[in-house]
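Working notes, beginning with the structure itself.
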Amino acid sequence: QVQLVESGGGLVRAGGSLRLSCAASGRTFSSYTMGWFRHAPGKEREFVARISWDGGITYYADYADSVKGRFTISRDNAKNTVYLQMNSLKPEDTAVYYCAADKDRGGVGVQDYDYWGQGTQVTVSS
């Protein structure tokens, strides 16, 4: 069992930055693939990024309004924490951001993850 708690969300102007954190409980954090998703009003929850258990492999969403090149996912297994550094934020990045954990290799779908946090709100003003 893994419990996840996100923090670091808030209100920021377009072009600004935020760093989200996701603290995990449990001694097996380092064995989990971790992912970040976001859920904007009127949209489906969508994949943002994921990172392998050792941090050696990262993968970012590749869709219109892509986060690739602006967001960076990282983890510190000694602190049981995964991060999402978000730069050059745009109003369309406004959403509730969730971290998720998977015992296997994760994926880009909601169904690929076993555990979820409660989310943290990110609002980007124009």
Side-chain angles (χ1 to χ4, degrees):
Q1 188 81 11
V2 175
Q3 292 184 326
L4 305 173
V5 179
E6 302 95 336
S7 62
L11 174 64
V12 64
R13 291 194 177 207
S17 298
L18 283 173
R19 187 175 83 154
L20 306 183
S21 299
C22 173
S25 65
R27 293 176 289 177
T28 58
F29 171 78
S30 61
S31 66
Y32 285 80
T33 294
M34 299 298 296
W36 283 99
F37 286 73
R38 65 187 183 185
H39 193 180
K43 294 187 176 182
E44 300 285 326
R45 188 174 298 195
E46 64 181 11
F47 170 78
V48 174
R50 73 170 189 259
I51 187 166
S52 60
W53 66 274
D54 63 349
I57 300 172
T58 57
Y59 181 75
Y60 297 89
D62 186 16
Y63 46 71
D65 301 329
S66 179
V67 303
K68 196 172 184 178
R70 298 189 295 122
F71 291 8
T72 302
I73 188 171
S74 62
R75 68 190 296 161
D76 185 340
N77 286 343
K79 295 183 178 179
N80 278 16
T81 302
V82 62
Y83 304 98
L84 185 69
Q85 177 67 43
M86 306 186 295
N87 299 327
S88 301
L89 283 162
K90 305 175 181 179
E92 49 264 45
D93 294 318
T94 294
V96 177
Y97 283 71
Y98 297 88
C99 71
D102 181 55
K103 293 175 286 187
D104 199 349
R105 292 186 294 177
V108 300
V110 171
Q111 69 279 1
D112 295 325
Y113 293 82
D114 302 306
Y115 304 103
W116 291 84
Q118 293 299 307
T120 185
Q121 176 71 47
V122 171
T123 303
V124 184
S125 64
S126 56

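Because the structure is a prediction, the values reported are computed rather than measured.
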Check whether any side-chain heavy atom of [X] sits under 4.5 Å from a side-chain heavy atom of [Y], and report yes or no.
| X | Y | answer |
| --- | --- | --- |
| Val122 | Arg38 | no |
| Val12 | Met86 | no |
| Trp36 | Phe71 | no |

* **Ile73 and Tyr60: CA distance, side-chain angles, deciding distance, side-chain contact (heavy atoms from CB on, under 4.5 Å) verdict** => CA-CA 9 Å; Ile73 188 171; Tyr60 297 89; 3.5 Å; yes
Could you pull out the closest heavy-atom pair between [X] and [Y], with the gap in Å?
| X | Y | answer |
| --- | --- | --- |
| Asp76 | Phe29 | O-CE2, 4.2 Å |
| Gln121 | Val96 | OE1-CG2, 3.2 Å |
| Gly56 | Ser52 | N-OG, 3.2 Å |
| Phe47 | Val108 | CB-O, 3.2 Å |

* Asked: Can you list the steps and then say if Lys103 with Thr28 is a side-chain contact (heavy atoms from CB on, under 4.5 Å)?
  -> CA-CA 9 Å; Lys103 293 175 286 187; Thr28 58; over 6 Å; no
* Asked: How are the rings of Tyr32 and Tyr115 set to each other: parallel, tilted or perpendicular (split at 30° and 60°)?
  -> perpendicular
Could you list the donor-acceptor pairs under 3.5 angstrom formed by side chains in residues 14-22, with sequence neighbours left out?
residue: Ser17; atom: OG; partner: Asn87; partner atom: OD1; Å: 2.9

Identify every side-chain donor-acceptor pair in residues 2-11 under 3.5 Å, counting partners at least two apart or on other chains, and give the distances.
residue: Glu6; atom: OE1; partner: Gln118; partner atom: N; Å: 3.0
residue: Glu6; atom: OE1; partner: Gly119; partner atom: N; Å: 2.8
residue: Glu6; atom: OE2; partner: Cys99; partner atom: N; Å: 2.9
residue: Glu6; atom: OE2; partner: Gly119; partner atom: N; Å: 3.2

* **Side-chain ion pair, Arg50 and Asp102, N-O less than 4.0 Å** => no
